[in-house]
Amino acid sequence: MKPTSCFSLRLFAVLALGALAPACRKETPTFEPMKLADGTVIPAATLSRGYDVYTHYCASCHGEKGDGQGPAGSGMRPPPRNFRQGLFKFGGVAAGELPTDDALKRTLRRGLHGTPMFAWDVPPADVDAVVQYLKTFSPRWKQESPGAAIAVSDDPWKGREAEAVERGRTVYHVAGKGNAGCASCHVAYLPREELAALTESVTGRKVNLANADPYTALPRDSDYSLTVDAKGEATQFAKVLPPDFLFHRLRTVWPQGTRVEGQPYTAQAQREDLYRVMAAGVGGAAMPSWKGAIPEENLWALAYYVQTLIVMNDTTAARDLQQRLRDSKVRN
């Protein structure tokens with residue numbers, strides 16, 4: 001069965017279960033106001049409304065207990081988020097910290113590209129209520145305040161795209177000296193000899209890639225739960241494959257020319273979304289926060305460079321480049 005067919009079946013299952021949810025809904029439980037670690041008190045009425053929204057739209061995948069074990073979520077990759085962990089991939093804060101409300105609402109409004117997590121077109125009050133209700137699942141919200149929001153800074157490369165791409169190529173492939181070295185987890189996009197020469201020119205360090213394979217990424221451990229015990233504690237964790245930007249879909253980045261939140265998705269919007277995920281990192285995965293770890297102009301340059309790869313996604317040009325890279329040799 002083709003992946004698209006599987007996705008369609010899952011989509012149908014999610015929609016069907018969501019449509020049936022009101023008929024199967026249990027009586028709304030009674031809530032008490034909930035005080036969070038940052039001093040915020042969530043009114044009981046908000047939690048009650050959030051429960052209704054969650055039951056209707058979210059429980060079929062994420063489970064009534066918020067443990068990611070909903071009936072439509074079985075076998076989904078990536079697995080539905082287990083809210084009991086209090087761990088979020090795209091929180092708008094440094095990876096691993098509790099997310100901001102704005103980041104959670106952003107995910108609800110937009111969905112996650114290439115997954116059954118759709119953009120939900122519901123009233124803003126329902127979005128706000130369900131975001132507050134999600135906080136009932138994990139004790140972290142009563143113990144920790146959300147992290148500081150990472151804002152998108154001004155793009156220092158406007159009007160100098162070619163320079164940005166050139167700088168970004170180095171930032172991506174070389175580790176140290178203000179560079180990120182993304183290729184060490186993802187894959188390289190330079191032939192072996194060019195990659196070795198670039199590394200030596202920046203770091204002064206010779207590398208021998210004659211017998212290395214910098215074009216195949218390896219799955220990494222993550223903190224995302226696949227299965228849980230009776231208390232909702234994770235018993236098995238998912239492996240995560242760092243995306244190859246030529247072929248894999250990014251969850252918070254869409255193809256240019258599509259519509260996101262009802263608006264045309266432009267090249268600038270795409271770069272800003274790339275900046276966001278690079279700056280913040282990905283919670284629960286090996287992708288760290290790069291904000292402050294490398295110069296801001298290098299962070300933006302990285303977004304420009306990765307964008308040149310994304311626009312080739314799953315095209316003949318991408319497949320030709322991949323083949324040329326795999327065939328590349330090092331001269332003796």
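- Not a single donor-acceptor pair under 3.5 Å links the side chain of His186 to the backbone N or O of Cys182.
- Side-chain atoms of Ser48 do not come within 3.5 Å of backbone N or O of Ala45 as any donor-acceptor pair.
- The side-chain heavy atoms of Val41 and Leu36, taken from C-beta on, include no pair separated by under 4.5 Å.
- With hydrogens and angles left out, the side-chain atoms of Thr216 and Asp213 include a donor and acceptor closer than 3.5 Å.
- Clustering ILVMFWY residues whenever any of their side-chain heavy atoms sit less than 4.5 angstrom apart, transitively, puts Phe237 in a cluster other than the one holding Leu87.
- Of all non-hydrogen atoms in Leu190 and Glu194, the two that sit nearest each other are CD2-OE2, 3.5 Å.
- No single ILVMFWY cluster, assembled from side-chain heavy atoms under 4.5 Å apart, contains both Leu241 and Leu112.
- Within 6.0 Å of CG in Asp229 there are more than 12 heavy atoms belonging to other residues, nucleotides or ligands.
- To the nearest 0.5 Å, the span separating CD on Glu272 from CD on Gln307 amounts to 10.5 Å.
- Counting only distance, with no hydrogens or angles, the side chain of Arg324 and the backbone of Arg319 share no donor-acceptor pair below 3.5 Å.
- By the 4.5 Å heavy-atom criterion applied to side chains, Val277 and Val282 are counted as neighbours.
- Judged by a 6.0 Å distance limit and a 45° cone about the ring axis, Lys89 is positioned over the six-membered ring of Tyr224.
- Hydrophobic cluster membership differs between Ile150 and Val253, with clusters built from Ile, Leu, Val, Met, Phe, Trp and Tyr side chains linked at under 4.5 angstrom.
- Note: the hydrophobic cluster containing Tyr51 also contains Trp120 (ILVMFWY, side chain heavy atoms under 4.5 Å, direct or indirect links).
- Distance OG/Ser153 to CG/Leu299: 7.0 Å, rounded to 0.5 Å.
- Between Arg169 and Val165, the closest side-chain pair of non-hydrogen atoms falls below 4.5 Å.
- In this structure a side-chain-to-backbone donor-acceptor pair under 3.5 Å is present from Arg259 to Gly262.
- In this structure the side chain of Val228 never reaches within 4.5 angstrom of the side chain of Lys65, judged on heavy atoms.
- The cluster map of Ile, Leu, Val, Met, Phe, Trp and Tyr, joined by side-chain heavy atoms under 4.5 Å apart, puts Trp290 and Trp157 in the same cluster.
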Requested in this report: Start with the C-alpha gap between Lys329 and Glu193, add the side-chain angles, then the distance that decides, and say whether salt bridge (charged side-chain N to carboxylate O under 4.0 Å, His left out) holds.
Outcome: CA-CA 7 Å; Lys329 307 293 183 184; Glu193 193 153 343; over 6 Å; no

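- Here Tyr133 and Phe83 keep their ring centres 6.0 angstrom or further from each other.
- Put simply, the side chain of Gln270 gets close to the backbone of Trp254: a donor and an acceptor are under 3.5 Å apart.
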**Report entry** Steps toward side-chain hydrogen bond (donor to acceptor under 3.5 Å, both in side chains) verdict (Gln132, Asp101)
**Finding:** CA-CA 8 Å; Gln132 304 311 318; Asp101 286 4; 3.1 Å; yes

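- Between Glu200 and Leu195 the shortest side-chain heavy-atom distance does not fall below 4.5 Å.
- Within a 6.0 Å radius of CZ in Arg160, other residues, nucleotides and ligands contribute more than 12 heavy atoms.
- Pro79 and Ala238 make their closest contact through CG-CB, 4.4 Å (heavy atoms, listed as atom of the first residue, atom of the second, distance).
- Using modelled atom types, one side-chain atom of His113 and one backbone atom of Leu250 make a donor-acceptor pair closer than 3.5 Å.
- For Tyr215, the ring pair (Phe, Tyr, Trp, His ring centres under 6.0 Å) test picks out no residue, with sequence neighbours left out.
- By the neighbour-count criterion of 12 heavy atoms within 6.0 Å, atom CG of Asp121 is sparsely surrounded, having that number or fewer from other residues, nucleotides or ligands.
- Between Cys61 and Met76 there is a side-chain heavy-atom pair separated by less than 4.5 Å.
- Residue Ala280 comes nearest to Ser289 through the heavy atom pair O-OG, 2.6 Å, listed as atom of the first residue, atom of the second, then distance.
- Between atom NE2 of residue His62 and atom OH of residue Tyr54 there is a gap of 6.5 Å, rounded to the nearest 0.5 Å.
- No donor-acceptor pair closer than 3.5 Å links the side chain of Thr199 to the backbone N or O of Val174.
- Side-chain atoms of Arg192 and Asp327, non-hydrogen and from C-beta on, never get closer than 4.5 Å to each other.
- Here the closest non-hydrogen pair linking Pro191 and Leu325 is N-CD2, 3.4 Å.
- Residues Met117 and Leu108 come closest through the heavy atom pair CE-CD2, 3.8 Å.
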**Report entry** Check against salt bridge (charged side-chain N to carboxylate O under 4.0 Å, His left out), Glu233 and Arg84
**Finding:** CA-CA 8 Å; Glu233 299 293 332; Arg84 300 175 73 89; over 6 Å; no

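- Every pair passing salt bridge (Lys or Arg N to Asp or Glu O under 4.0 Å) that includes a residue from residues 140-155 is listed here, sequence neighbours excluded: Arg140-Glu144.
- Rounded to the nearest 0.5 Å, atoms NZ (Lys239) and CZ (Arg77) are 13.5 Å apart.
- Although no hydrogens or angles enter the test, the distance criterion places a donor-acceptor pair under 3.5 Å between the side chain of His248 and the main chain of Asp244.
- In plain terms, the two heavy atoms of Thr136 and Met34 that are nearest each other are CG2-SD, 3.8 Å.
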Requested in this report: Test Leu98 against Trp141 for side-chain contact (heavy atoms from CB on, under 4.5 Å), laying out the working first.
Outcome: CA-CA 8 Å; Leu98 285 176; Trp141 294 96; 4.0 Å; yes

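- Ring-plane geometry between Tyr305 and Tyr172 is classed as tilted, the angle between the planes lying from 30 to 60 degrees on a 0 to 90 degree scale.
- Checking side-chain atoms of Ser222 against main-chain N and O of Ala285 turns up no donor-acceptor pair under 3.5 Å.
- Leu47 contributes atom CG, which lies 5.5 Å from atom CD1 of Ile42 (distance to the nearest 0.5 angstrom).
- The ring pair (Phe, Tyr, Trp, His ring centres under 6.0 Å) test applied to Tyr275 returns Trp300, not counting sequence neighbours.
- Proximity of Ile310 to Leu274: side-chain heavy atoms (C-beta onward) are separated by under 4.5 Å at one or more points.
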Requested in this report: Assess whether salt bridge (charged side-chain N to carboxylate O under 4.0 Å, His left out) is satisfied between Arg106 and Asp273, documenting all intermediate values.
Outcome: CA-CA 12 Å; Arg106 181 183 176 87; Asp273 281 342; 2.7 Å; yes

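- Under the 3.5 Å distance criterion, with hydrogens and angles disregarded, a donor-acceptor pair is assigned to the side chains of Thr40 and Asp38.
- Between the side chain of Ser201 and the backbone N or O of Leu198, at least one donor-acceptor pair lies under 3.5 Å.
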